[in-house]
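A short write-up of the structure that comes next.
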Amino acid sequence: MYERKNAPSGSGPQNPDTDASAGTPTGDRIAKVLSRAGIASRREAERMIEAGRVRVNGEQITSPALNVTPEDKITVDNTPVGAPEPPRMWLYHKPAGLVTTARDEKGRETIFDALPEDMPRVMTVGRLDLNSEGLLLLTNDGGVKRKLELPSTGWLRRYRARVNGRPTDEMLEPLRKGITVEGENFQPMDVTLDRQQGANAWLTVGLREGRNREIRRAMEAVGLTVNRLIRISYGPFQLGELKIGEVEELRRKVVRDQLGLELEDPSGTATKKPTGLRRPPRRKPGGFGGAGQPGLPVQRGEDDEPPPRRGGGKAKNAPRGKAAMGKTAGKAGGKASGKPGARPTGRPNGKTGPKPTGRGPKPRR
């Protein structure tokens, strides 16, 4: 638990961030501890403290200017506060039409209204506009949130933007050099024209700072109107094939490696990806949708029997030898000789005589 550090008797108010005897920071702010434990955000925790809902070692406190250590006993509404959770992160595919805030003064639906009920208390890393969609990072740790949002982090954020109009390199060049909109300077953007689709065009836009409606305002300044905006990546974290409205927790090892954190338990996750994926068979020649195409089993119908082999090959169960000759004679020569089943003579009209030898007549002596 946490132990409050009391000031020495006879001294003035203790600096909450400094130990009076050693002159070094000790413990953490009470609001930070409550936030790390998943009770509330720091601002909400401060309001709870000012309302007298928090006690430290049985003593009610009304000011957040207090440092505590793991030996302290903290309660909120007489409920003990547990140890803080390790930093965790989730990927969320935000749909359009949701507000990225905990509460909306206009009563609109927020992302927290749409998140699964079993999710712990989380905070958003940055924001997405009401009509924007795509990747939104969530975390349970305020320190992780601030670290990811710092401009000094310099992580590139990529978007797919559908704009109305026919953009050209000349129109996009001011965005690549940096543009000033309504007195506000926007940093240079990475802008690539992907394709023109009728009256609209798809662009890929990359930026390293996230100002309010930055892409929409910058596009309007060069004569383009954004009618769809999807964030596809935030630094090393990718939207991938995450479906709209789905949430996926990152492995703690990934969080540790990407953020440079030291975690006691880097293993557990709420969602684990399969270790192996079954790949479809490779496409074989023969045209799209034919036999051998991925996902289409090879089926043989009545008309798909293989053709006879070349070179006079015989069928598997065909009669052979004398039986075959008798059968052929019964069909071809039996009626001509007048004797059903008669042995074929090899001569026309059923006449009998010596068998042809293939030689000419013998000479007379």
Side-chain angles (χ1 to χ4, degrees), residues 31-32 34-51 53-54 64 76-77 85 87-151 155 157-163 181-182 184 186 205 207 209-220 225-235 237 239 242-250 270:
K32 178 180 179 180
L34 294 177
S35 177
R36 286 287 310 278
I39 301 300
S41 66
R42 290 195 183 188
R43 291 183 180 179
E44 292 173 347
E46 291 175 355
R47 287 193 288 266
M48 296 168 68
I49 292 170
E50 294 171 354
R53 299 170 57 187
V54 180
V76 176
D77 297 333
E85 291 186 351
R88 301 167 66 186
M89 286 184 61
W90 291 263
L91 306 180
Y92 174 52
H93 191 156
K94 174 193 174 297
L98 297 182
V99 184
T100 310
T101 183
R103 298 181 184 86
D104 182 61
E105 64 278 2
K106 298 181 180 180
R108 294 171 295 184
E109 187 178 7
T110 71
I111 64 164
F112 298 99
D113 298 327
L115 290 177
E117 296 181 357
D118 58 350
M119 284 282 292
R121 190 195 68 83
V122 294
M123 298 163 279
T124 63
V125 177
R127 297 192 176 200
L128 284 176
D129 298 334
L130 173 69
N131 295 322
S132 299
E133 53 191 295
L135 180 63
L136 187 62
L137 300 182
L138 308 174
T139 180
N140 67 332
D141 189 277
V144 171
K145 169 183 169 69
R146 286 189 298 277
K147 184 172 184 178
L148 293 176
E149 290 177 344
L150 285 174
W155 274 354
R157 305 155 198 190
R158 290 194 177 277
Y159 298 78
R160 294 293 310 284
R162 188 179 66 188
V163 297
V181 179
E182 299 176 351
E184 190 172 2
F186 291 159
V205 183
L207 48 85
E209 60 178 1
R211 303 195 180 188
N212 183 32
R213 303 183 69 253
E214 181 173 355
I215 294 179
R216 297 179 187 275
R217 293 164 61 194
M219 292 294 174
E220 289 176 359
T225 302
V226 177
N227 50 39
R228 189 175 183 186
L229 189 62
I230 309 169
R231 182 154 68 189
I232 58 176
S233 68
Y234 193 111
F237 307 111
L239 180 64
L242 195 65
K243 296 181 180 179
I244 296 178
E246 283 189 346
V247 181
E248 178 181 328
E249 183 178 7
L250 291 171

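What you see below is based on every heavy atom in this structure, not just the backbone, and it leaves out hydrogens, waters and symmetry mates.
Checking each of R228, R231, R162, R160 against E133 for a salt bridge (charged side-chain N to carboxylate O under 4.0 Å, His left out) leaves exactly one that passes, namely R228.
With contacts defined as side-chain heavy-atom distances shorter than 4.5 Å, the pair L148/T139 does not qualify. In this structure, K106 and V99 have side chains that are not in contact, with every pair of non-hydrogen atoms separated by 4.5 Å or more. Taking the side chain as every heavy atom from C-beta outward, L137 and L91 approach each other to under 4.5 Å. Put simply, the side chain of L207 reaches to within 4.5 Å of the side chain of E214, judged on heavy atoms. Side-chain contact between P64 and R42 is absent, with no heavy-atom pair separated by less than 4.5 Å. Using a 4.5 Å heavy-atom cutoff, the side chains of L115 and V122 are in contact. Taking the side chain as every heavy atom from C-beta outward, N140 and W90 approach each other to under 4.5 Å.
Residue L239 holds its CG atom at 12.0 Å from OH of Y92, rounded to the nearest 0.5 Å. With rounding to the nearest 0.5 Å, the separation of CG in L128 from OH in Y159 is 6.0 Å. Here the NZ atom belonging to K94 is positioned 6.0 Å from the CG atom belonging to L130, to the nearest 0.5 angstrom. The distance from atom CD1 of I232 to atom CZ of F237, rounded to the nearest 0.5 Å, is 15.5 Å. Atom CZ of F186 and atom CD of E209 lie 8.0 Å apart (nearest 0.5 Å).
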T225 and M219: CA distance, side-chain angles, deciding distance, side-chain contact (heavy atoms from CB on, under 4.5 Å) verdict = CA-CA 6 Å; T225 302; M219 292 294 174; over 6 Å; no
Might you work through the side-chain contact (heavy atoms from CB on, under 4.5 Å) test for N212 and D129, ending with a clear yes or no?
-> CA-CA 8 Å; N212 183 32; D129 298 334; 4.0 Å; yes
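The nearest pair of heavy atoms linking G134 to I230 is CA-CG2, 4.0 Å. In this structure, V76 and V54 approach most closely via the heavy-atom pair CG2-CG2, 4.1 Å. The heavy-atom pair separating R121 from S35 by the smallest distance is NH2-O, 3.0 Å. Closest heavy-atom contact between M123 and D141: CE-C, 3.4 Å. In terms of heavy atoms, G126 sits closest to L136 at O-CD1, 4.1 Å. Contact between L98 and A114 at its shortest, heavy atoms only, is CD1-CB, 3.8 Å.
With hydrogens and angles disregarded, a donor-acceptor distance shorter than 3.5 Å links the side chain of T101 to the backbone of R103. With hydrogens and angles disregarded, a donor-acceptor distance shorter than 3.5 Å links the side chain of K145 to the backbone of T124.
Taking a cutoff of 4.0 Å between a charged side-chain nitrogen and a carboxylate oxygen, E182 and R211 do not qualify as a salt bridge.
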